[in-house]
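Just so you know, these numbers come straight off a predicted model, no measurement behind them. Throughout, a chain's letter reflects where its sequence line sits, starting with A, and its residues are numbered from 1.
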2 protein chains.
Amino acid sequence: MFLQQKRAFMKEYISVLKQTRMFAGIGEEEISAMLSCLGAKLCHYKKGEYVLRQGDRPGAIVILVRGSLHIQKDDYWGNRSILSQIAAGEMFGEAYAAPESGGLRNDVVAVEDSSAIFFDVHRVLTTCSSACRFHTAVVQNLFFSISEKNRKLVQKLGHMSRRSTREKLISYLSEEAKKQNSPYFSIPFNRQQLADFLSVDRSAMSRELCRMREEGLLAFEKNRFHLLNPQGQSGAGNERRFSG
Amino acid sequence: MFLQQKRAFMKEYISVLKQTRMFAGIGEEEISAMLSCLGAKLCHYKKGEYVLRQGDRPGAIVILVRGSLHIQKDDYWGNRSILSQIAAGEMFGEAYAAPESGGLRNDVVAVEDSSAIFFDVHRVLTTCSSACRFHTAVVQNLFFSISEKNRKLVQKLGHMSRRSTREKLISYLSEEAKKQNSPYFSIPFNRQQLADFLSVDRSAMSRELCRMREEGLLAFEKNRFHLLNPQGQSGAGNERRFSG
DNA sequence: ACATTACGGTTGTTTTTGCAACAGAAAAGA
DNA sequence: TCTTTTCTGTTGCAAAAACAACCGTAATGT
């Protein structure tokens, strides 16, 4: 009865699960049927409550289905910093799935009243016989999801490991041009967001961008950029690349 | 015959595979038996040859079994930078396993004559009926391996996203203290390596470390560090924390 | 239409960093 | 033991970045 109740409660959130990368391509019916197979447990948290603490070994992949969380960290002298915000539909904890990971190094705290579903790592990764046909799909999705995250992290690290603001900008903008397959592209940030993303000061970045424009390296307007060939085979760099 | 030959050639490298995280806990016999199930293909490269090019979608997880590779990237203006070196026994390509990953954003080049085994992503992630009992273990290993990578990336990013050298040091050293569960710990880097890891100049970092020592924040000798409580409840900071 | 806010650029000042070169101590090698 | 190399700290200087404050314009709201 208790179990039935829990499953019944979880039904409330299956529509959220359906939207996640982990359950991409799987219908609500199937998700519902898989929950027990994946060892799903629904937990509720009041605002301010700890979802996970430093040192915990949840052994679980967690999807937030209601509310929002902060992943935060305190340094040795007690200065707290918020590493990221988790919104409903997002996954966390998967980086600490490995038994050798040695426990969480962050705290996870509910910013508002929240609910999360914990999936047992072992049961997720050990595909059961044939009871749930979609288990394999979940494993694939999960793998793709985490590898996707990985890719983004490596890329960002590539930008951030550059010494100067200019080099960071070049690294980021080159990447973006490649991704959009054109020297003319738009970015998903405004100036402040881009500065935050690259961990530099906005005004210093703005100064550097303008310097690069003066040198004929690129042109931009708002969030649209144009990388130029500075050898300047055409004009001497005085032509207007954007005219409003 | 050709297939048999290929498998026979692969046998040469099974001892290498056995050492990898992907095949941890699996015997050479089993690995050998699984190769076809995982769609393994052995490829050889001459020094300087491209293993993968920007834009490729290998759809494979690759393990280097002989030689070494460079993962490198050229920016829009053609400046090349080497992102990492791959040694025998290491895995790559797994971050581009997802179909939506949009193709490799780097080049992979053989630094010396090399051999790599390609495992088909789809066949790895789709566990076959019961033909190979260890398939599930491989999937788990793979997942743990990538999640471990992920964890390290996030941590490093946490350090690197700090604005000043001091903050980077504080972030890194705090982390290390937590990991070793003591304010007194050693780090796996010498000064130059630490500077490279944090992407800062060695001499500037050295200067900052000494400044922090003067301020009573920490003590160190060689690669051993001691984080101190700067409120200074004991001495005024003049006591020798290390005495040779 | 007007006030308010968000955004991007500009500028001056201070601080930090990178760079380069050097020096002493420790480690490694002959 | 003596030499050579590696590692770390030090310093001066030039370049770069952070910081803070301000401005004009565009977007938004009333």
When you measure from the side chain of [X], which nucleotide among [options] comes out closest?
{"X": "A:N190", "options": "D:dA17, C:dG8, C:dG18", "answer": "C:dG8"}
{"X": "A:R213", "options": "C:dG9, C:dC19, D:dT8", "answer": "C:dG9"}
{"X": "A:E208", "options": "D:dA17, C:dT10, C:dG18", "answer": "D:dA17"}

Which word best sums up how the rings of [X] and [Y] line up, parallel for under 30°, tilted for 30 to 60°, or perpendicular for over 60°?
{"X": "B:F118", "Y": "B:Y45", "answer": "tilted"}
{"X": "B:Y13", "Y": "B:H44", "answer": "tilted"}
{"X": "B:Y172", "Y": "B:H159", "answer": "perpendicular"}

Separation of [N] [atom2] from [X] [atom1] (nearest whole Å):
{"X": "A:E167", "N": "C:dC19", "atom1": "CD", "atom2": "C1'", "answer": "14 Å"}
{"X": "A:N223", "N": "C:dA6", "atom1": "CG", "atom2": "P", "answer": "18 Å"}
{"X": "B:L194", "N": "D:dG9", "atom1": "CG", "atom2": "C1'", "answer": "15 Å"}
{"X": "A:D201", "N": "C:dG8", "atom1": "CG", "atom2": "P", "answer": "14 Å"}
{"X": "A:R191", "N": "C:dG9", "atom1": "CZ", "atom2": "C1'", "answer": "9 Å"}
{"X": "A:Q192", "N": "C:dA6", "atom1": "CD", "atom2": "P", "answer": "12 Å"}
{"X": "B:M212", "N": "D:dT8", "atom1": "CE", "atom2": "C1'", "answer": "17 Å"}
{"X": "A:R162", "N": "C:dT17", "atom1": "CZ", "atom2": "P", "answer": "20 Å"}

**Request:** Between A:R163 and A:S203, just flag the one whose closest nucleotide in DNA chain D comes earlier from the 5' side.
**Result:**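 In this pair, the answer is A:R163.
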
On a plain distance test, is the side chain of [X] in donor-acceptor contact with the base of [N] below 3.5 Å?
{"X": "A:T165", "N": "D:dA16", "result": "no"}
{"X": "B:R211", "N": "D:dG9", "result": "no"}
{"X": "A:R207", "N": "C:dG8", "result": "no"}
{"X": "B:R202", "N": "D:dG9", "result": "yes"}

**Asked** Quick one: do the A:R21 and A:S145 side chains pair a donor with an acceptor below 3.5 Å?
**Response** no

**Prompt:** Among side-chain atoms of B:E112 and B:S68, is any donor-acceptor pair under 3.5 angstrom?
**Reply:** yes

**Message:** For A:L209 and B:A204, find the nucleotide of DNA chain C closest to each by heavy atoms; which residue's nucleotide sits nearer the 5' end?
**Reply:**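 The 5'-side residue here is A:L209.
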
**Request:** Select base, sugar-phosphate, or nothing to describe what A:S164 touches, counting heavy atoms under 4.0 Å on all strands.
**Result:**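 Since only primed, P, OP1 and OP2 atoms lie under 4.0 Å of A:S164, the category is sugar-phosphate.
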
**Prompt:** So, is A:R166 near the phosphate of D:dA16, with a side-chain N or O under 4.0 Å from OP1 or OP2?
**Reply:** no

**Message:** Can you tell me if B:K222 touches the phosphate of C:dA25, counting only side-chain N or O atoms and a distance under 4.0 Å to OP1 or OP2?
**Reply:** no

